[in-house]
Amino acid sequence: MDMDEEKCPECGANLVYDSEHGEILCESCGIVVEAVIDEGPEWREFEGDNKRRARTGPPRTVMRHDHGMGSQIDWKNRDASGRPLSPRSRRQMQRVRQWDRRTRFSKAADRNLAYALLELDRMGSSLGLPRSVRESAAHVYRQALAKNLIRGRSIEGVVASCLYGACRMCSVPRTLDEIAQTGRIGRKEIGRIYRFLARELKLRTVPTSPEDYVGRFCSELKLSSKVQRRANDLLRTAAERELVSGRGPTGVAAAGIYIASILCGERRTQREVADVAGVTEVTVRNRYKELCERLGIEVVV
DNA sequence: AAGACGAAAGTGGTTGA
DNA sequence: TCAACAACTTTCGTCTT
């Protein structure tokens, strides 16, 4: 805006300077065009060459999201000298207030998002997640933010839940425990927030299948792709015979890998498999027993 | 000695009244 | 909201390699 212009931008009338209130306002409609906020002393800073001229303003405060640097707009429909505003300028003030609210809110949202994305990146790289998964997590977070679902929940918790959901949506699931290890948020809380987000945002997630874990677990166990394929075949036929429903997918995956590793002559101990799958030997044993029984597999030791 | 096995009791989460 | 319930864990003793 060109401040040399001496006309009111709203009605085109002349502007006057109100020395008592320190404002430049329109003599006809009373709208404040420019306000001198700080009546106190004005310092200038000359550092080296006088190219940099910084002006000081009111002290900043950390108590407000914008450090107190935002503008404040009165709610009263009075002009600077206390007269009621004309209907026209009342409408104008409504619009100004509305925009003030909007930018105030969007600033807060920006800060929230900036912090969240930082956190998301940190957790994501700590989990070794590919870019596509992080992006989809960020997308979920933006949706949650837009729908005001963050309020009352920790940003870290929501970020963790978004990552968990994104992993599932991309069919590269991580367990709640794995996600929880990257931050200060517990497994229970992440699960709770995730369920909430899934319901509110109608996230389209299918139940996790054991096969989704096979690749990762196998590579952590340094097993060949032959074992990996064998395990997947095994689990697929197991799924067809409804051996999988109701069981924890990681446990089933672990058992499948355990069997496949024996069948392919690359045996791993129950403990090793159980550890990477985040279950106990006992669970591996139980699943493994069931699979052998129902699939008619005879494991020769 | 290490791994595998299984029984028994305990834990946390889901479900249905 | 509470109790029943299934899956899973913890613990521990025994058997096998």
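Computed from heavy atoms alone, side chains included, the values below leave out hydrogens, waters and symmetry copies. Chain A is the first sequence line, chain B the second, and so forth, proteins listed ahead of strands; every chain is numbered from 1.
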(Q) Can you give me the dot-bracket string for DNA chain C, 5' to 3', counting Watson-Crick and G-U wobble pairs with both distances under 3.5 Å, using [ ] for crossing pairs and | for partners on another strand? (A) |||||.|||||||||||
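Between A:E178 and A:R216 there is a salt bridge, with a side-chain nitrogen of the basic residue lying less than 4.0 Å from a carboxylate oxygen of the acidic one. In this structure, A:R153 does not pair ionically with A:E189, as no charged nitrogen and carboxylate oxygen lie closer than 4.0 Å. Using a 4.0 Å cut-off between charged nitrogen and carboxylate oxygen, A:R236 and A:D233 count as a salt-bridge pair. Checked for salt-bridge contact, A:E200 and A:K147 miss the test: no charged N lies under 4.0 Å from a carboxylate O.
Residues that satisfy the ring pair (Phe, Tyr, Trp, His ring centres under 6.0 Å) test with A:Y141, not counting sequence neighbours, are absent from this structure.
Backbone-only engagement by A:R195 is indicated by non-hydrogen atom pairs under 4.0 Å involving sugar-phosphate atoms exclusively.
Evaluated for a side chain to side chain contact (heavy atoms under 4.5 Å, CB included) with A:Y288, the options A:V273, A:V252, A:I257, A:I259 yield exactly one hit, A:I259.
Residue A:L149 is grouped with residue A:Y115 when hydrophobic side chains (ILVMFWY) are merged at heavy-atom distances under 4.5 angstrom, including chains of intermediate members.
Straight-line distance from the CG atom of A:L176 to the P atom of B:dG13: 10 Å, rounded to whole Å. Atom-to-atom, CG of A:D177 to P of C:dA7 comes out at 19 Å; the value is rounded to the nearest Å.
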Q: Using a 4.0 Å heavy-atom cut-off, write out nucleotides 2-12 of chain B from 5' to 3' as B (base contacted by protein), S (sugar-phosphate only) or - (no contact).
A: -SSBB------
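Both tests do not hold together for A:R287 against A:Y258: distance to the six-membered ring centre under 6.0 Å, angle to the ring axis within 45°.
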